[in-house]
Each structure stands twice: as structure tokens, then as C-alpha cells.
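Heads up, the thing below is written out as C-alpha cells.
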Amino acid sequence: MNAALLAGLLAGYGIAVPVGAVGTYLVSLAARTSLRTGVSAALGVATADGLYALAAVLGGSALASALRPALGPLRWVCVLVLTALAAWGAARAVRQYRGRRLTARTASPPLGPLRAYAALLGITLLNPTTVIYFAALVLGSQGGPGAGAAERAVFVTAAFAASASWQVLLAGGGALLGRALTGHRGRLVTALVASGVMTALALRMALTPG
């Protein structure tokens, strides 16, 4: 049981700690909205990681092999989604900046906690690399096909908890950043930098051989 717990924690942190496009968007979202919205979005990311960990322990290598032919199309879907998010975030930031300067329009309503949770859950589920990652980890481990139901449950729960703790930490950092950058110019710069990073990551994903 302890081995399954440790394996789940290591798996969760292993997939969560490298800050990619999703982590960048999460920090930016928390900075531009609120801690509550950021935490909700963080739990959306962790839920996706937990679902993929569950799918991995249930399906193992068979599930990974089944998804492998779809990696190419799914990667392009992810590229398009990331590019659209980057463009939308940049355009929205410029609109808000101009609107505040000209005082000609009110700011658009911020993303609520439920919508933030659903959005980040969907974005994270678009990444097929996560299920391949978990499937590779559980083979021959305490979460593998030979493990009992209790060990599998501990593995999945630990993976979710590890991912959630790291994503909430990112959201908290984003919320603190948002408080520090109270001026509308600072928020514009934050949004544009985040959009630029997401665009670069999307281009890198598109140019990487499949």
C-alpha cells in the first residue's frame, strides 16, 4: 500500500511539475481573475490527471497502444486550441486596456469558477501524452494490472492529490502576481507574455515530429 502511495505521488508530481502551456495559462488566469477561480481551474487540471491515471491502471498498455494512432490528430487539435487561447487572451487584454484608457466600455465578465474548472479540464484532457505517461508508469508497478483494487485506488488518489497540490500552488502564485500588478498596464503585459509563451509552445508542438 505504501509503495502504491509513493508511486502515485511521484507519478502525479512527475506529470504536473513541468510547467507547460496549461500551467502558463493557469497562472495567467489566476492573475487576471481571482484565487477562487484559479483554484477551480487547478482542480480541473488535477481531475484530468486523475482520470488519466485511472484509465492507465484500468487499461494499461492496451489503452496506450489504442490511443497511439490518434496521437497525430489529437496533437493538432491541441495546437489549434492553444493557438486560439493565446489569440483570445491577447485580444481580450488589448480590448480591456483600450477600454480602460478610453473609458468607453466596461470590462467583459470574468471567467467564473465553474467555467474555469470545465475549461482547464477539457484542455488537459486533450493531451494524450498524459495517458501514455501514466500507462508506462503503472506497468510492472504497484498500479499495474497485477495490483489489487485497493492499491490501484491509492495510486490514482495519490496521483490526483499530487497534481492538485502543485496546480493549486501555481494558481496561488498567479493570484499573488495579480495583486502585485494592480495597474491595467501590468495586466496587459502579463496577458501578452502568457499568450506569447502559449503560442511558442503550440509552434514547438506542431514542429515536433510525431
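In this text the structure is predicted, and so the values were computed from the model without any measurement. Starting from 1, each residue takes its place in the sequence as its number.
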Following the transitive rule for hydrophobic clusters with a side-chain heavy-atom cut-off under 4.5 Å over Ile, Leu, Val, Met, Phe, Trp and Tyr, establish whether Leu114 and Leu35 coincide in one cluster. no
What residues, two or more places apart in sequence or in another chain, satisfy side-chain hydrogen bond (donor to acceptor under 3.5 Å, both in side chains) together with Ser34? Thr37
Minimum heavy-atom distance between Arg36 and Pro113, given as atom pair plus value: NE-CG, 3.7 Å
Taking atom CG of Leu169 as the centre, report whether more than 12 heavy atoms of other residues, nucleotides or ligands fall under 6.0 Å from it. yes
Of all the heavy-atom pairs spanning Ser165 and Tyr13, show the shortest one and how long it is. OG-OH, 2.9 Å
Atom CG in Leu125, atom OG1 in Thr47: separation rounded to 0.5 Å? 9.0 Å
From CG (Leu43) to CG (Leu121), nearest 0.5 Å: 11.0 Å
What distance do Gln167 atom CD and Thr124 atom OG1 have between them, rounded to the nearest 0.5 Å? 7.5 Å
Set of residues satisfying side chain to side chain contact (heavy atoms under 4.5 Å, CB included) with respect to Ala41, sequence neighbours excluded: Leu26, Leu29, Ala116, Leu120
For the pair Phe160 and Asp49, evaluate side-chain contact (heavy atoms from CB on, under 4.5 Å) and give the outcome as yes or no after the intermediate values. CA-CA 6 Å; Phe160 168 80; Asp49 288 342; over 6 Å; no
Minimum heavy-atom distance between Ala46 and Ser163, given as atom pair plus value: CA-OG, 3.5 Å
Working to the nearest 0.5 Å, report the span between CZ of Phe155 and CG of Leu6. 10.5 Å
Using side chain to side chain contact (heavy atoms under 4.5 Å, CB included) as the criterion, list what pairs up with Ala90, not counting sequence neighbours. Leu192, Ser195
